[in-house]
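As structure tokens, the structure follows; a few thoughts come after it.
Each chain gets a letter, A, B and so on, in the order the sequences are listed, and its residues count up from 1.
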Protein chains: 2
Amino acid sequence: MVLSMSSWREYDRGETLFLQGETAQAIHIVTEGWVKLYRIAPNGGEAVVNVFAKGESFGEAVAFRGHAYPVSAEAVTTCEVMRIPSVALLEAMRKDPEIAVSVLASTFAHLHSLVSQLEQLKAQTGPQRVAEFLLELCEHEEGSCVVTLPYDKFLIAGRLGMKPESLSRSFAKLKNAGVHIKRNHAAIDDIERLREFSETDPVEAWHKAQ
Amino acid sequence: MVLSMSSWREYDRGETLFLQGETAQAIHIVTEGWVKLYRIAPNGGEAVVNVFAKGESFGEAVAFRGHAYPVSAEAVTTCEVMRIPSVALLEAMRKDPEIAVSVLASTFAHLHSLVSQLEQLKAQTGPQRVAEFLLELCEHEEGSCVVTLPYDKFLIAGRLGMKPESLSRSFAKLKNAGVHIKRNHAAIDDIERLREFSETDPVEAWHKAQ
DNA sequence: TGGACTAAATGACAATAATCAAGTTGCCTG
DNA sequence: CAGGCAACTTGATTATTGTCATTTAGTCCA
């Protein structure tokens, strides 16, 4: 039932899914590619709020009330997105409250991710945020590994609240924590060591980075 | 029904309502005073995520899944808090899906507030964030007004992602935008002018602040 | 193979915010 | 009213980040 009312679309890189201020009438699920949520401040600055990958959904909380989107969405790669009209999901929710609970759970995940970002911005230095970003990409908890940077450095910088130049310098500092960047791959010598770097006091971290 | 299962408690200033990592079993509604939500980063830094006033609720999204709180909560003034066990609300939601929708709406409000904070941190300078904070306290859209700072400056600084000293200096810079601080009151000469300050380009704002 | 384009790194400098230290100010209490 | 405490302000210095300009490297395509 829900599926029957859903539509499905492809977007090219750079294409806009919706703009902040538009009235929300559907929730979106990324089925392929990457979508970024960003916000333009009145002074013109862009803040990347989140980047969603395959399987993730966004816009739940907004759509239900027909509020205006607080953010804009843009495809950062060619991608496929499923669109579920909010009326369809609302109806489903009325029939099965379990659905309501799982929508809430998903919304909570977003809330949690925003809280994490706030913590990082307020309490960590640039290189520490980069370290944490890399750690989240790792699949293991220890040892060494090589991760692929999921999108270009310009976007990563935005996501971490810094300029591309600063990201570049952060990568340079992380060499002392055993991280080597080559193209869009990052080789991490020792995951534990990198985690320690991201968790130590900023002033200590500074000495280590020298 | 829901109310019959709820409890009600007073907290002294500085008392902890819950700590991050604890399992959530209830949502909280502030009926008097102020409660801050904060998060301690692994490196020891504290990030104030939000400060809630009378009438506001928090913890909805977490409680439903019995997840661990991502943040800690502490009373910043003496306050009264209502506690609704999540089982009670879950049951109510099953009976009346409308409740689910309104819980989602409230969760969305939090989500929106977090997005705003991210935007401010990523795209605005310190003084601009302070200006915006003051504007949110104003009840009018234009003209002049006097607002009362809702909590002490140490906490305001934390909420805005800066050190108390920086807040102090920001206030000093805002004198040029027609803001005068006296004790815990801020007199704003011209709301429009202050808004313009918070919305102009950082580099322009700098010239104006000289 | 050789441009031409783009992404990224680097250097020099300005600007913003943190840190440390020293004053204020107001308030409470004996 | 003096003394002491706590919150806040101010000053001097350092560190981090942003900005602008330039260089390097990689990729595409004829």
Let me know the distance between [atom1] of [X] and [atom2] of [N], rounded to the nearest Å.
X	N	atom1	atom2	value
B:Phe154	D:dA6	CZ	P	14 Å
A:Leu121	D:dG18	CG	P	11 Å
B:Lys182	D:dC8	NZ	P	16 Å
A:Gln128	D:dT16	CD	C1'	13 Å
A:Lys153	D:dA25	NZ	C1'	11 Å
B:Ile181	D:dT10	CD1	C1'	16 Å
A:Leu167	D:dT17	CG	P	12 Å
B:Leu149	D:dA7	CG	P	15 Å

With the side chain of A:Glu165 defined as its heavy atoms from C-beta on, choose the nearest nucleotide among D:dT19, D:dG18, D:dC8.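 Between D:dT19, D:dG18, D:dC8, the one nearest the side chain of A:Glu165 would be D:dT19.
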Please pick, from D:dT16, D:dT19, C:dC27, the nucleotide with the shortest atom-to-atom distance to any side-chain atom of A:Lys163.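 Selected nucleotide (nearest to the side chain): D:dT19.
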Ion pair present between A:Asp152 and A:Arg13, side-chain N to carboxylate O less than 4.0 angstrom?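 Looking at A:Asp152 and A:Arg13, the cut-off is met.
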Could B:Arg9 and B:Tyr11 be counted as a cation-pi pair, given that NZ or CZ must be under 6.0 Å from the ring centre and within 45° of the axis?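 Flagged: B:Arg9 positioned over aromatic ring of B:Tyr11.
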For A:Val35, all residues meeting side chain to side chain contact (heavy atoms under 4.5 Å, CB included), sequence neighbours excluded: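 Scan of A:Val35 (side chain to side chain contact (heavy atoms under 4.5 Å, CB included), adjacent residues dropped) gives A:Leu17, A:Val30, A:Leu37, A:Phe58, A:Ala73, A:Cys79, A:Val81.
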Heavy-atom side-chain proximity of B:Gln117 to A:Lys122 below 4.5 angstrom: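 In short, these two side chains touch, coming nearer than 4.5 Å.
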Does the side chain of A:Ser166 get closer than 4.0 angstrom to OP1 or OP2 of D:dG18 through an N or O atom?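 Result: yes.
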Give a yes/no answer on whether the side chain of A:Arg183 brings an N or O atom under 4.0 Å of OP1 or OP2 in C:dA8.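 For A:Arg183, the contact criterion (side-chain N or O under 4.0 Å from OP1 or OP2 of C:dA8) is not met.
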Identify whether any heavy atom of B:Phe171 sits under 4.0 Å from a base atom; if not, whether one sits that close to sugar-phosphate; answer base, sugar-phosphate or nothing.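 No contact.
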Checking all strands, does A:Arg169 fall into the base, sugar-phosphate, or nothing category for heavy-atom contacts under 4.0 angstrom?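 Result for A:Arg169 = base.
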For the side chain to side chain donor-acceptor pair (under 3.5 Å) test, which of A:Arg129, A:Gln128, A:Glu132 pairs with A:Gln120?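 In the set A:Arg129, A:Gln128, A:Glu132, the residue that makes a side chain to side chain donor-acceptor pair (under 3.5 Å) with A:Gln120 is A:Glu132.
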